[in-house]
Amino acid sequence: MRNSGFTIIELMIASAIMAIVMVFTMEIFIVNNRTYIKIDSVVDTQQGLRAIASLLERDLRHAGMMVPEAAAICGIDNTDAPDLLYISDYTAINPVDAIGSFDGARVQGGVTNVNNGPGTTLALDSLTIEPDTPDPSYDTDSNGVNDSDFRVNGGVIIVDLTNPGRGSVCGIVTNVNLGTDSITIDIKTASMPASASGTLIAVPALEYRIDSNTLFRNNLRLADGVEDLQVVYFLDSNGNSDLDAGELWGITGKDYLAADRDARELRAVRFNVVARTRSEDERFTDGFFQATENRDAGTTSDGYRRRVHTAIVRTRNVGDRVEGT
Ligand SMILES: [Ca+2]
Ligand SMILES: [Ca+2]
Ligand SMILES: [Ca+2]
Ligand SMILES: [Ca+2]
């Protein structure tokens, strides 16, 4: 009687078919999984970007709130690195009478110019911005009692109150001295244009800085994988409320230097935040550094996927704002 089981040939064919099916199934699984990881990491990047952008938009909308308009914003334009951005710190200010503005903290001792670099110590008339009802917002010595509107690792913008057209300088506060009401600053912009006289004031600010693909706000780590921040300023220099030729700064051929720009002319800010996926994908050959404003695109693919968020924010506290009486 003939054996009714499988012949060795039949078994070999069957296992060969099985193997082929297995290989295909595995392949589909791997591709699916790769696609999933890819989409997941792009979605992740996108969500992070949106969160950063909404915070930045909110900060920009408040630029110049309750402070002299010239101190609304200050920036350092780079063409081969991320831009640096300083926005007056509205969280430090308690709007006691809701309308009008405070003059900032006056620099004491007849100081008329501030030079670029670290270690500039300025004595102020007060560490708080609100003159009538001082309301310190930060606790410098961590004793549970707020003592200053300036904080270590926070930004600062300095302008000349009697000649605001001189522009501004900005930097990071490295020390707040409660005993002498003074602050020490690392000035990041070019020096203030020289002047024989002047009334310098300091205003607390929020610094946006990118360091090794990490975005910091007042030295606080906001997000990793952020490659670039490029900022463009619309200064209505001829005062006609229209954007005319030459009134956009921070674009190619119009590099922005804070030191000689008048922030009172500011009407809008456009920013671009470039974020990339956490890890590179060696199969992705279109991963180039993204060109925005006056920065060039990369020339070799590094396998990262990138997303750019661009937004234009009208600076409603500068220009045609309602002044107090
Ligand atoms: Ca730039
Ligand atoms: Ca305050
Ligand atoms: Ca304190
Ligand atoms: Ca104009």
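Note that ligands are numbered from 1 as they come in the structure, with each ligand's atoms numbered from 1 the same way. Nothing fancy with the numbering, it's 1 onward along the sequence.
At a cut-off of 3.0 Å, Asn240 is counted among the residues with an N, O or S atom near the Ca ion (ligand 4). Put simply, Gly144 stays out of reach of the Ca ion (ligand 3), with no N, O or S atom under 3.0 Å from it. Metal site remark for the Ca ion (ligand 3): Thr140 contributes no N, O or S atom at a distance under 3.0 Å.
For Asp141, the N, O or S atom with the smallest separation from the Ca ion (ligand 3) is OD1. With respect to the Ca ion (ligand 4), Glu247 has OE1 as its nearest N, O or S atom. Within Asp242, the N, O or S atom at minimum distance from the Ca ion (ligand 4) carries the name O. Of all N, O or S atoms in Asp244, the one lying closest to the Ca ion (ligand 4) is OD2. Among the heteroatoms counted here (N, O or S) of Asp149, OD1 is the one nearest to the Ca ion (ligand 2). Atom OD1 is the N/O/S atom of Asp139 found closest to the Ca ion (ligand 3). Nearest N, O or S atom of Asp147 to the Ca ion (ligand 3): atom OD2.
Note: angle at the Ca ion (ligand 2), from O of Asp135 to OE2 of Glu130, is 100° (rounded to 10 degrees). Rounding to 10°, one obtains 80° for the angle at the Ca ion (ligand 4) between OD1 (Asp236) and OD1 (Asn238). Considering the Ca ion (ligand 2) as centre, the angle to OG of Ser137 and to O of Ala92 is 70° (10° rounding).
Salt-bridge annotation for Asp281 and Lys38: absent, with no side-chain N of the basic residue lying under 4.0 Å from a carboxylate O of the acidic one. The pair Lys188-Glu207 counts as a salt bridge, with a side-chain nitrogen and a carboxylate oxygen less than 4.0 angstrom apart.
Thr315 contributes no side-chain N or O that, together with a main-chain N or O of Asn317, makes up a donor-acceptor pair within less than 3.5 Å. Using modelled atom types, no side-chain atom of Ser191 and backbone atom of Asn115 make a donor-acceptor pair closer than 3.5 Å. Remark: the backbone N or O of Tyr256 is paired with a side-chain donor or acceptor of Asp77 at under 3.5 angstrom.
If you take CG on Asn175 and OG on Ser182, they are separated by 7.0 Å, rounding to the nearest 0.5 Å.
A cation-pi arrangement is present between Arg305 and Phe284, with the terminal nitrogen or guanidinium carbon under 6.0 Å from the aromatic centre and inside a 45° cone about the axis. Both tests pass for Arg209 against the ring of Phe216: distance under 6.0 Å to the centre and angle within 45° of the axis.
Judged by distance alone, the side chains of Tyr90 and Arg61 never bring a donor and an acceptor atom under 3.5 Å apart.
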